[in-house]
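Notes follow once the structure below has been shown.
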Amino acid sequence: MTTIMDRANALLIEFEQNANSLEKVTPDTVEELRIHWLGKKGIVTKLFEDMRHVPNEEKRDAGKSMNVLKTSIEASLDVLKSKAADFVFHSILNRAPLDITLPSQKDTLKGALHPITLMQQKLLKEFRQHGFTVYDGPETDFDFYNFTALNLPADHPARDMQDTFHLKTNQDIMVLRTQTSNIQIHAMLQEKPPLRIVAPGRVYRVDSDQTHTPIFHQIEGLVVDKKISFADLKGMIQSMLHSVYGATAKTRFRPSYFPFVEPGAEVDMQCTHCQGKGCKICKNTGWLEIGGCGMVHPNVFEAVSYDSEEYTGFAFGFGLDRMAMLNWQLPDLRQLFEGDAGFQSQFSVFAEGAPC
Amino acid sequence: MLVSKNWLNDYVDIAGLTDSDLDKILTGLGLEVEGIKTIAPLDDLLVVGEILKADRHPNADTLQICTVSIGGPEPLQIVCGASNARAGIRVVVAQIGSLLPGNFKIKESKIRGEKSFGMLCSESELGLSEASEGILELDSTYTIGSKINSTIKTGDSIFEISLTPNRSDCNGVIGIARDLAAKIGEPLIYPKSEAKIAESFLIPNPVKVDLHPNSGCERFAALYISGIENGPSPRWLQKRLETAGMRPINLIVDITNYVMFEMNQPIHAYDERQVKGKSILVRKGRDAEKLTTIDKKVVDLESSDIVICDAEGAIGLAGIMGGLNSEVKDDTKNIIVEIASFDPTCVRRTAKRNAFHTEASHRFERGVDIENIIAVADRITDLFVLCSKQTGKRHPSFSKNVLDVYPKAVKRPRIALRLDRARKILGLFSLTADTCIKHLSALEFKLLDRKDDRLLFEVPLWRVDVTREIDLIEEIARLESFDKIPYRMPVMEIAPLKENPFIRFVDEAKTTLASLGMTEVITYPFTSHIDYQNLAITNDHPFHPSVELSNPLVQDHSWMQTTGIIGLLKATERNHRFQRKGARLFEFGKAFHNFSNREVNFEKFPSFNGIKRQPLHFTERAFSEASRPTERHLGTFLIDYPFQKKSWAKEELAPSFFDAKQIVDSLLKAFAIKDITYARPSPEELPFLHPTASAVLKKDSTVFGWLGELHPKVAHKFGFEITQVPVVCELDLEALFKAASEKAVIESETFEFPHALRDLAFTVDTSTTHGDIINSVQSFKRRKYLESIELFDVFIGEGIPEGKKSMAYSLTFRAPGKTLQDQDVEKELASFMEWLQTSMGAVKR
């Protein structure tokens with residue numbers, strides 16, 4: 001009868017033959033080998049089970065040779081495992097090369113904000129930094145807020161400046177607001193002076209062509225305090241435009257008429273595309289019309305029971321759509337409201353930093 | 001308002017200013033120049049000539065060989081095709097080398113064998129009119145050999161001024177000239193009055209004028225002119241009217257129009273033959289009264305209209321247009337000229353009601369100078385005399401006195417100006433009283449009194465817009481130039497008001513949706529009843545529209561939207577037409593409801609109870625606020641088919657309910673809104689969604705919105721393939737905001753001890769929902785370590801009994817402060833399975 005020791009020695013030789021004859025050294029074949037030899041029902045495990053038949057005096061030597069067998073196998077398996085890992089790395093790195101010119105997934109998903117939203121976010125950020133509070137107001141409103149309280153009484157010819165949508169109500173006294181200026185009245189009826197607010201929003205006019213749409217968007221500002229002057233208005237607006245368009249943006253204020261301000265002015269900004277030399281964008285005038293502004297008319301203060309002697313203030317309104325059109329050089333205003341997926345998806349969420 | 005530079009130059013010397021100077025000055029005055037049209041002067045080589053002889057061309061029947069004198073020693077031979085070319089008439093001769101409008105150069109030529117040394121010109125060839133017949137015939141007042149461009153002033157610049165409605169005075173050329181004169185410091189030259197009318201041309205005024213009390217007519221002057229030889233007006237007058245965009249008609253009409261453009265006073269001439277009884281009565285319209293105006297429109301008069309009548313009835317719609325019955329004709333000899341002032345509001349209302357917008361109504365609505373009426377009458381008289389002389393026609397006779405009915409003279413307003421107030425408003429502290437006086441005086445505001453720095457001015461009545469001190473300050477700023485006001489920053493001592501955080505929430509929600517791959521669009525919020533029919537929304541549904549426009553742009557834009565889905569569906573359908581499929585669009589807009597207009601049975605639509613709420617902008621102050629529509633802020637999105645496009649690498653996928661749900665859940669997570677449940681709506685509530693692939697978002701009784709697959713029938717109505725429907729969702733932003741602002745907590749606890757994971761698969765009835773399983777976790781009483789469960793498989797089919805489905809969950813167990821032992825986990829897992837079995841008959845697989 002062969003001793004355990006002999007069997008162990010023979011098995012070690014057999015293992016090495018076994019290991020050497022592996023066709024491929026892969027994690028699978030190595031694991032198979034391990035299970036065959038060291039697994040729960042493996043050869044070596046069985047041999048350990050035979051230990052109980054070994055007479056006690058031989059057990060020590062037998063155990064020794066068994067351990068030698070086991071550690072030798074384990075060591076060989078470790079070497080094989082690392083070879084198997086090399087095989088895997090090799091196979092990953094040597095798979096069929098990609099045709100890297102294949103197209104990526106069509107229309108890679110990316111979100112987009114509307115250019116008007118982007119413009120609005122940009123302006124609100126600046127105004128908040130200037131200490132303005134953002135205010136909101138209704139789009140359907142009483143004639144009182146949209147006109148009468150803004151020094152535009154019924155039958156005033158200046159009402160012709162804005163083609164108004166009227167709501168069918170019992171007395172026809174409600175309109176879709178034609179200007180965000182209605183928010184001035186809401187704000188002043190709710191807050192005591194002094195105040196400094198800015199209010200973006202949608203406005204409506206009965207109009208539709210290449211440069212007019214029945215809806216468009218404005219951003220309104222109102223500053224009321226005891227020492228507010230036209231000089232402050234000029235400074236504030238210039239500073240605003242500098243923040244948005246860079247410190248070289250020149251501004252021009254020229255007299256105009258909006259019933260709720262006096263003196264009223266139109267704000268022009270030197271054309272950002274030709275630096276005032278005259279181009280297609282500014283229709284060769286060198287200037288771009290940005291919006292209207294002026295000193296709050298005392299009639300308006302009186303309509304909201306502010307003391308028009310004690311308080312003065314300025315108000316302004318910019319066209320967001322117009323600013324967006326200038327910013328991205330869009331030829332047709334209507335394009336903004338068609339929901340065209342191709343057009344809209346060009347405005348990335350991250351476009352806020354886009355050059356203006 | 002179109003105004004010619006030459007015409008302006010009559011009243012203020014601007015000859016030294018270039019067009020661009022004038023543009024800057026006018027725009028700087030608030031008279032915005034929108035465009036300038038330059039009319040080049042005619043070439044110096046165009047001169048007046050006289051045809052001495054006109055012979056037939058030997059080789060052409062329609063041509064003549066003219067011998068033309070242009071003042072030189074030798075007459076010219078010119079071949080001419082015009083039939084009116086004949087000996088004795090004076091004509092315009094284009095000499096060799098001259099350049100005609102349109103860059104047409106005259107050369108020596110041979111026409112059918114005969115030499116021609118120039119051309120005889122027609123009006124159209126000279127650019128004087130669009131079309132003309134024959135050559136232009138000049139009268140004998142034109143000197144032979146004189147240059148045409150010095151005789152007929154043809155070089156000019158037409159300024160198109162965008163007048164603001166406050167500057168009614170600038171509807172007259174003199175008004176614009178006055179502003180210019182004040183700005184450039186030149187005197188304003190009023191038109192010179194001609195010499196007195198000879199006694200022999202003065203006749204008694206046969207006209208009677210009567211104004212009813214409250215007629216709306218504040219002043220009425222009647223001038224009687226007889227013996228007019230009507231016909232074309234002189235060329236210079238016609239040219240002037242053309243520069244103002246008006247077509248010349250005849251002498252009488254042209255003179256009244258000319259004076260209107262010059263002095264901003266509408267004038268109407270009646271044919272005396274048609275004014276019964278030569279008497280004029282101004283009164284309000286009567287019931288069932290009708291008037292046919294010159295443009296042949298029949299107007300039903302109302303008691304608010306001001307009507308001009310003769311002894312028999314209406315002959316004119318005051319301030320708007322004359323009646324056809326009394327219109328001046330080519331053979332009219334005697335006229336009654338009306339120079340009047342009418343109530344602006346009455347004129348405006350009548351004009352609006354009848355859709356008139358005439359040169360007269362435009363001016364009366366904005367206000368005319370009631371003091372100016374006699375000066376206007378004198379100017380008309382002068383022009384009739386001047387024109388009769390120029391055209392060599394009969395000198396008409398004029399009524400000795402202008403009949404002037406002016407019951408209550410209007411006084412010029414007096415306004416005090418405080419210098420310190422002007423400085424304060426403008427922020428222009430260097431402003432002096434003398435500067436104020438200089439500017440206002442230049443505009444003919446009269447300084448009545450001066451006490452220190454308090455100045456009292458009398459305002460001329462042509463400035464209807466100047467009524468308060470602030471208006472004087474504006475005039476000063478305008479003339480001083482806004483450019484002189486410095487740039488300063490407002491110094492404010494207050495902290496900003498507390499901002500409504502909802503405004504930021506809306507912006508953040510937009511950015512979140514965009515970062516989830518959605519594209520923001522803006523569509524018109526106008527809808528029609530058909531849109532709601534297409535959505536299968538019934539008349540009693542809360543989404544049935546209730547805010548109607550009385551003047552929509554187009555009929556199918558009559559109603560304000562109650563849901564954003566219509567706009568998105570239409571935009572998507574449009575995208576399909578342009579081969580853009582698979583868009584993921586979102587829009588933030590408003591829904592408009594007026595529940596005071598309409599009863600909605602909310603019991604039938606319990607999910608929408610919350611829409612009936614007080615408008616956000618409700619204030620108690622103003623009248624009838626209760627009828628204010630409710631404006632709900634909505635966030636609507638749509639995921640179009642396909643969700644994933646087919647490519648070499650991927651299969652085409654349809655969007656599913658769960659793709660929309662994923663977006664909603666991400667949004668909820670971004671704002672830490674918890675415990676929202678997805679409930680099945682009743683079929684009436686969301687009739688436009690697939691009945692079993694739709695949900696209402698709820699927390700307790702609050703509804704946050706809805707989502708689902710578009711109903712195939714609705715998809716069909718909106719032009720979609722019924723097998724390729726989009727999924728849609730609409731969120732009520734105010735409700736979401738309220739839930740979000742309930743304090744978002746960021747879980748910052750990190751776990752020291754590892755969790756244990758176990759998988760559990762079981763079968764339940766197919767009617768059991770994932771929500772039921774989640775609920776059973778909540779009600780699992782012996783729960784100790786079970787932290788969360790996550791569904792990873794739902795399966796119906798082979799190996800699963802009929803009426804059952806298999807659900808597989810991954811369970812997370814965690815114990816605070818210790819590492820879980822296997823036996824603890826196994827025990828709780830078994831106990832949970834037991835609970836599922838007892839509570840819902842689940843069978844472990």
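We use all heavy atoms of the structure for the numbers below, so side chains are in, but hydrogens, waters and symmetry mates are not. In the text below, chain A, chain B and the rest are named by the order of the sequence lines, each starting its count at 1.
Rounded to the nearest 0.5 Å, atoms OG1 (A:Thr251) and CE (A:Met240) are 12.5 Å apart. Here the straight-line distance linking atom NE2 of A:His297 with atom CD of A:Glu262 works out to 5.0 Å at 0.5 Å rounding. Remark: A:Tyr257 OH to B:Asn166 CG distance equals 5.0 Å, nearest 0.5 Å. Rounded to the nearest 0.5 angstrom, A:Lys192 NZ and A:Ser305 OG are separated by 11.0 Å. The line from CZ of A:Phe144 to CG of A:Asn182 is 11.5 Å long, rounded to the nearest 0.5 Å. Atoms CG and CD1, on B:Leu26 and B:Ile36 in that order, are 8.5 Å from each other to the nearest 0.5 Å.
Looking at A:Glu309 and B:Lys424, no side-chain N of the basic residue comes within less than 4.0 Å of a carboxylate O on the acidic one, giving no salt bridge. Between A:Arg128 and B:Glu499 there is a salt bridge, since at least one side-chain N of the basic residue sits less than 4.0 Å from a carboxylate O of the acidic one. Salt bridge absent: B:Arg348 and B:Asp343 never bring a charged side-chain N and a carboxylate O closer than 4.0 Å. For the pair B:Arg468 and A:Glu302, the salt-bridge criterion is met [side-chain N within less than 4.0 Å of a carboxylate O].
If you measure heavy-atom distances from B:Arg349 to chain A, the contacts under 4.5 Å come from the side chain alone. Both the backbone and the side chain of A:Met236 come within contact range of chain B, with heavy atoms under 4.5 Å apart. Contact of B:Pro552 with chain A is made through the backbone alone, with heavy-atom distances under 4.5 Å. Looking at B:Lys352, the atoms closer than 4.5 Å to chain A (heavy atoms on both sides) all sit in the side chain, from C-beta outward. When heavy atoms are compared at a cutoff of 4.5 Å, A:Asp163 does not approach chain B at all. Within the 4.5 angstrom heavy-atom criterion, only side-chain atoms of A:Tyr204, from C-beta onward, approach chain B. Of the atoms belonging to B:Arg418, it is side-chain heavy atoms, and not backbone ones, that fall under 4.5 Å from chain A. Contacts of B:Arg423 with chain A are absent, with no heavy-atom separation under 4.5 Å from either backbone or side chain. Residue contact with chain A, scored on non-hydrogen atoms closer than 4.5 Å, involves the backbone and the side chain of B:Ile470 alike. Contacts between A:Thr140 and chain B at a heavy-atom distance below 4.5 Å involve backbone atoms as well as side-chain atoms. Only the side chain of B:Arg421 comes within less than 4.5 Å of a heavy atom in chain A; its backbone stays farther off. The parts of A:Ile228 that come within reach of chain B are both its backbone and its side chain, each placing non-hydrogen atoms under 4.5 angstrom from that chain. Both the backbone and the side chain of A:Val134 come within contact range of chain B, judged by heavy atoms closer than 4.5 Å. Of the two parts of B:Asp507, the backbone and the side chain both hold a non-hydrogen atom closer than 4.5 Å to a non-hydrogen atom of chain A. Residue contact with chain B, scored on non-hydrogen atoms closer than 4.5 Å, is absent for A:Pro200.
In terms of non-hydrogen atom pairs under 4.5 Å with chain A, the most contact-rich of B:Gly30, B:Pro490, B:Ala571, B:Gly589 is B:Pro490. If you tally non-hydrogen atom pairs under 4.5 Å between each of B:Leu426, B:Thr164, B:Thr572 and chain A, the highest count goes to B:Leu426. Of the listed residues (A:His217, A:Lys226, A:Lys283, A:Arg202), the one with the most heavy-atom contacts under 4.5 Å to chain B is A:Arg202. Contact count against chain B (heavy-atom pairs under 4.5 Å) is highest for A:Asp155 among A:Thr213, A:Thr117, A:Asp155, A:Ile116. The candidate from A:Leu176, A:Ile237, A:Leu124, A:Thr164 with the greatest count of non-hydrogen atom pairs under 4.5 Å with chain B is A:Leu176. Here B:Arg504 is the residue among B:Arg504, B:Glu475, B:His362 with the most heavy-atom pairs under 4.5 Å with chain A. Ranked by non-hydrogen atom pairs under 4.5 Å with chain B, the options A:Gln238, A:Gln120, A:His156 are led by A:Gln238. Of the listed residues (B:Leu428, B:Leu31, B:Asp471, B:Asp465), the greatest number of heavy-atom pairs within a distance under 4.5 Å of chain A belongs to B:Asp471. Among A:Gly339, A:Gly235, A:Ala231, the residue making the largest number of heavy-atom pairs under 4.5 Å with chain B is A:Ala231. Among A:Pro157, A:Ser229, A:Pro255, A:Pro259, the residue making the largest number of heavy-atom pairs under 4.5 Å with chain B is A:Pro255. In terms of heavy-atom pairs under 4.5 Å with chain A, the best-connected choice from B:Ile485, B:Asp23, B:Val521 is B:Ile485. Note: B:Lys510 leads B:Arg478, B:Lys510, B:Glu365, B:Gln644 in heavy-atom pairs under 4.5 Å with chain A.
At least one side-chain heavy atom of B:Glu573 sits under 4.5 Å from a side-chain heavy atom of B:Arg577.
Between B:Phe586 and B:Phe588, the ring-plane angle classifies as perpendicular under the 30° and 60° cut-offs. Using bins of under 30°, 30° to 60° and over 60° for the plane-to-plane angle, the ring pair A:His114/A:Phe337 lands in the parallel bin. A parallel orientation is assigned to the rings of A:His186 and A:Tyr145, their planes being inclined by less than 30° (bins at 30° and 60°).
The ring-ring contact (aromatic ring centres under 6.0 Å, His included) check on A:Phe216 picks up nothing, with sequence neighbours excluded. For A:Ser345, the side chain to side chain donor-acceptor pair (under 3.5 Å) criterion is met by no residue, not counting sequence neighbours.
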